[in-house]
2 protein chains.
Amino acid sequence: MYSRSGRYFQEREVRVNQLAQKLGISGDTVRYYTRIGYVHPVKNKSNGYKEYGEKEEHRLRFIQSARQLGFTVEDIGQIIGEAEKGKAPCPTVRRLIDQRLHETEQHFSETIALRKRMQAAVNDWHRKPDKAPTGDMICHLIENFSYTK
Amino acid sequence: MYSRSGRYFQEREVRVNQLAQKLGISGDTVRYYTRIGYVHPVKNKSNGYKEYGEKEEHRLRFIQSARQLGFTVEDIGQIIGEAEKGKAPCPTVRRLIDQRLHETEQHFSETIALRKRMQAAVNDWHRKPDKAPTGDMICHLIENFSYTK
DNA sequence: CCTAATCCTGTGCCCGGCTCACAGGTCAAG
DNA sequence: CTTGACCTGTGAGCCGGGCACAGGATTAGG
């Protein structure tokens, strides 16, 4: 419980896995954000371990919140970058979430369509028998299934 | 229009981009399936180009159909492998699509939840102003948004 | 004090399913 | 023969981390 300068204080610098556990994410994820320069832990000279303080914890919480809202890791870098230059990142945030939401809608309808095809296939195949492959047919289930709706 | 043996015949061996265009996919995609050994074009000795015949075309159509149904590339390898050993791949196909469908459902509900969060954020932010970052706040929109519904 | 065993870390490579960059070869026109 | 447009194979890159591994740090035991 001594700092490098010898003064008594509550321990604030934690190591990667301790912080990860506190945030409910994996150590690898924390390392990843460290690697790409989104957090800047201090390297402990004596053992080479990285030590994370409150600032890093807060930063990681921010990253988590943003990820939950569908921002990409790159988006978050942009947002952080603007904030660090003292600029309000809000306009960018608004613009980006519009984009990401649009993409999510897109992705959503593709997922629905895929699910529909898959369900149709499962239904269709339920009353069809297995068949050994022939020279020009790998799997008749797949090859004879055509989705037309 | 001469074969290597000098006989006259309709050209059947095509090159990567010709085949890709015919199938409506990218040349890179065809190259990818070639690289991982799902199709085996013949290497033209004189120019090093790979030449694709009907067999490869059929194989690629099969791969496309399977991908459309949500099978992973690895699934497809397994299916092809079984078929090539003369075994009916149908049981595997049925098992795999059940798995993939389940995953798609999972993914689907995650996508819905994400969309809901995003929409809620957009709504919430609509009547909130921009704010410059402070020492302990990167973006108040993101940090003050809590999804509780 | 030393040793052995266990824990923990940083680093670098790996994943899917392609896509892209690039160096160099090919082919038709002149 | 040369120019230049086109085409090819190969290797690397993408996201968002996950995983394996070697080796240092720390602890238990003596």
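Here is how names work: the chains are called A, B, and so on, in the same order as the sequence lines, proteins then strands, and each is numbered from 1.
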H107(A) ring center near H107(B) ring center (under 6.0 Å):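 Yes, close enough.
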
Would the F108(B) and F108(A) ring centres measure less than 6.0 Å apart?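 Yes, ring centres under 6.0 Å apart.
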
Check the distance between [N]'s [atom2] and [X]'s [atom1] and give it to me in whole angstrom.
X      : N       : atom1 : atom2 : value
K45(A) : dA25(D) : NZ    : C1'   : 18 Å
I63(A) : dG16(D) : CD1   : P     : 12 Å
Q64(B) : dG17(C) : CD    : C1'   : 14 Å
R67(B) : dC18(C) : CZ    : C1'   : 9 Å
N44(A) : dG24(D) : CG    : P     : 16 Å
Y32(B) : dA12(D) : OH    : P     : 17 Å
I25(B) : dC18(C) : CD1   : C1'   : 11 Å

Report which part of the nucleic acid T34(A) touches: base, sugar-phosphate, or nothing (heavy-atom distance under 4.0 Å, all strands). nothing

Side chain to side chain donor-acceptor pair (under 3.5 Å) for S46(B) and N44(B)? Distances and angles first, verdict last. CA-CA 6 Å; S46(B) 75; N44(B) 182 323; 2.8 Å; yes

Indicate yes or no: does [X] engage [Y] in a salt bridge with an N to O separation below 4.0 Å.
X       : Y      : result
D136(B) : K55(A) : no
K22(A)  : E56(A) : no
K85(A)  : E82(A) : no
R95(A)  : D98(A) : no

Donor-acceptor side-chain pairing of T34(B) and Y52(B) below 3.5 angstrom: yes

Side-chain N,O (S26(B)) to OP1/OP2 (dT19(C)) below 4.0 Å: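 It does, given that an N or O in the side chain of S26(B) lies less than 4.0 Å from OP1 or OP2 of dT19(C).
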
Below 4.0 Å: OP1/OP2 of dG17(C) and any side-chain N or O of T29(B):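 Checking dG17(C) against T29(B), no side-chain N or O comes under 4.0 Å of OP1 or OP2.
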
Heavy-atom distance under 4.5 Å between the side chains of I97(A) and M118(B), does that happen here?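 I97(A) reaches M118(B) side chain to side chain.
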
Do C139(A) and P133(A) have side chains that get closer than 4.5 Å, going by heavy atoms? no

Nucleic acid contacts of residues 69-78 of chain B, taken as heavy-atom distances under 4.0 Å to DNA chain C: T72(B), V73(B)

Quick check on contacts: within residues 94-103 of chain B, what sits under 4.0 Å from DNA chain C by heavy-atom distance?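 Going residue by residue through residues 94-103 of chain B, none turns out to have a heavy atom under 4.0 Å of DNA chain C.
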
How would nucleotides 5-12 of chain C be written as a contact map, 5' to 3', with B for base contact, S for sugar-phosphate-only contact and - for no contact, using protein heavy atoms under 4.0 Å? ----SBBB

Check for me, please, whether Y49(B) and L19(B) land in the same ILVMFWY cluster - side-chain distances under 4.5 Å, paths through other members count.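 Y49(B) and L19(B): separate clusters.
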
